[in-house]
Amino acid sequence: MGSRVYEVELPPLFCPLESAVHPRVRQVDKRAVEWIGSSGMCASEEEKAWVVATHSTDFYGRFAPVADDDRLLATALWVYWGAGFDDARCDQGPLSNRPAQFNALACQVQRACETGTAIGEDRYIGALQDIMRRFRSLATPTQVSRFTHAHRTWLSGVAWQIGNQALGRMPGLDDFLTMRLLSAGGEPTLAMLEIATGAEVPARDLHRPAVRALTEMAMLVASLDNDRHSLHKELARDQADQNIYTVLMHERGLPLEEAVKAASGLRDRVLLRFLELHDRVRPTAGLELATYLQGLRYGIRGNNEWGMRVPRYLSLGHWPDAMEDTALTWSEEPSDTRPGPLEGAPGIAWWWDEELG
């Protein structure tokens with residue numbers, strides 16, 4: 001696949017959502033980079049450089065542009081931590097195809113997320129516990145509990161992904177979409193919206209089926225967009241394993257160019273359903289739920305504004321390049337407007353239930 005990297009044309013993204021960014025991203029990011037250097041989680045200057053090159057404060061500053069500085073810092077630290085852990089322990093590290101060993105580490109990491117008294121030898125554990133101390137000082141017990149639950153969900157999805165890698169198994173579309181909802185880190189990323197903004201959504205609102213559907217749709221759109229952003233780099237490094245394109249190529253027998261078109265179409269259909277359902281739910285939402293829903297909208301757009309510029313996805317060398325504020329091109333129209341559930345994906349078909357909202 002690597003020889004075809006520059007033959008693959010990725011169409012512009014359809015993303016008719018508002019853009020925003022925290023006004024003090026640079027000042028907060030300076031504090032975050034200092035923390036990375038002192039956290040002990042990076043084993044080398046090269047590893048640190050790639051973690052810093054995720055520009056995670058810029059990323060989360062687009063999800064929560066109204067956060068105060070300390071809340072933005074704490075949530076951005078977890079994104080930095082998650083990117084480093086993902087690279088070193090999930091996607092590329094020695095545990096990336098060793099599910100038994102990864103599962104043991106994941107359980108230690110999760111317990112460290114839940115309690116500050118847990119111990120573990122892995123260098124990422126102490127850094128995570130420092131982040132969790134910050135969360136507990138800023139957030140309510142309910143918000144912290146929601147985050148730790150989301151964190152466990154993420155690790156379970158990564159375990160599924162690593163299990164597939166170990167077996168050489170390419171999942172079908174339905175399994176992949178379910179796995180991607182878990183493994184991409186969307187659950188903890190969106191759970192942090194409450195911590196960043198301080199607005200705790202009442203349980204009766206957060207657990208409404210329509211709100212859960214909106215949350216899952218936002219996660220899936222962002223996850224598929226990340227597959228898009230990272231495609232060229234993964235192809236160049238021959239690391240393209242389980243992503244939406246390889247899944248469609250395997251399941252439907254498509255060439256890469258056709259898989260790109262098919263992936264764009266199914267992604268746009270999910271986004272259109274998100275917009276439709278959002279407009280049903282938002283008018284009657286209270287302040288906290290409205291803040292959360294706006295965070296979902298900011299997150300989908302911001303993930304793209306960040307992802308199409310960030311060295312994590314664009315740099316092909318051993319060391320990351322500088323981040324450039326390049327102009328972005330957007331599609332004015334969705335590539336597929338067909339209504340109804342996605343074909344071959346019963347696990348998410350309920351998002352189109354008429355009674356939602």
Side-chain angles (χ1 to χ4, degrees), residues 32 35-44 47-48 50-52 54 56-57 59-60 73-139 141-166 178-196 219 222-223 226 241-242 312:
W35 177 88
I36 293 168
S38 63
S39 69
M41 70 180 191
C42 297
S44 66
E47 184 176 345
K48 176 186 173 184
W50 279 107
V51 171
V52 171
T54 64
S56 295
T57 311
F59 171 82
Y60 214 72
L73 174 64
T75 49
L77 291 184
W78 185 83
V79 181
Y80 272 125
W81 179 91
F85 184 82
D86 185 59
D87 286 346
R89 300 291 183 263
C90 306
D91 282 349
Q92 304 167 23
L95 305 184
S96 61
N97 62 356
R98 301 169 69 189
Q101 291 85 345
F102 176 80
N103 287 344
L105 174 61
C107 290
Q108 293 175 351
V109 167
Q110 181 58 31
R111 192 55 181 163
C113 180
E114 296 166 347
T115 175
T117 60
I119 59 174
E121 296 180 358
D122 192 90
R123 51 191 161 89
Y124 278 88
I125 287 179
L128 177 61
Q129 288 177 316
D130 180 69
I131 294 168
M132 292 307 302
R133 283 190 288 270
R134 294 169 187 261
F135 281 5
R136 293 186 185 97
S137 72
L138 294 167
T142 295
Q143 291 168 342
V144 173
S145 178
R146 287 172 177 174
F147 175 81
T148 58
H149 177 78
H151 202 269
R152 185 183 302 110
T153 299
W154 165 56
L155 290 173
S156 73
V158 176
W160 186 356
Q161 174 184 302
I162 288 175
N164 285 340
Q165 291 173 189
T178 300
M179 183 188 76
R180 202 75 176 103
L181 284 172
L182 306 174
S183 65
E187 289 275 10
T189 300
L190 296 184
M192 289 193 302
L193 285 172
E194 291 186 300
I195 298 173
M219 289 191 295
S223 299
N226 286 349
D241 181 19
Q242 298 169 72
R312 175 176 176 81

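In what follows, residues are counted from 1 in the order of the sequence shown.
Looking only at side-chain heavy atoms (C-beta outward), Arg146 and Ile195 stay at 4.5 Å or farther from each other. Contact check for Arg89 versus Val158: no side-chain heavy atoms found under the 4.5 Å cut-off. The closest side-chain heavy-atom distance from Trp50 to Cys42 is not below 4.5 Å. Leu95 places a side-chain heavy atom less than 4.5 Å from the side chain of Arg98. For the pair Leu193 and Leu190, the minimum side-chain heavy-atom distance is below 4.5 Å.
Ring-plane geometry between His151 and Trp81 is classed as tilted, the angle between the planes lying from 30 to 60 degrees on a 0 to 90 degree scale. Between Tyr124 and Phe85, the ring-plane angle classifies as perpendicular under the 30° and 60° cut-offs.
Put simply, the side chain of Ser183 gets close to the backbone of Met179: a donor and an acceptor are under 3.5 Å apart. Under the 3.5 Å distance criterion, the side-chain polar atoms of Gln165 are matched with a main-chain donor or acceptor of Ser96.
Here the shortest heavy-atom pairing between Pro188 and Phe147 reads CB-CE1, 3.6 Å.
Residues Phe135 and Trp78 keep their aromatic ring centres 6.0 Å or farther apart.
Between the side chains of Gln242 and Asn164, at least one donor-acceptor pair of N or O atoms lies under 3.5 Å.
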### Task
Begin with the C-alpha distance, continue with both residues' side-chain angles, and end with the deciding distance and a verdict on side chain to side chain contact (heavy atoms under 4.5 Å, CB included) for Val79 and Thr54.
CA-CA 9 Å; Val79 181; Thr54 64; 5.8 Å; no
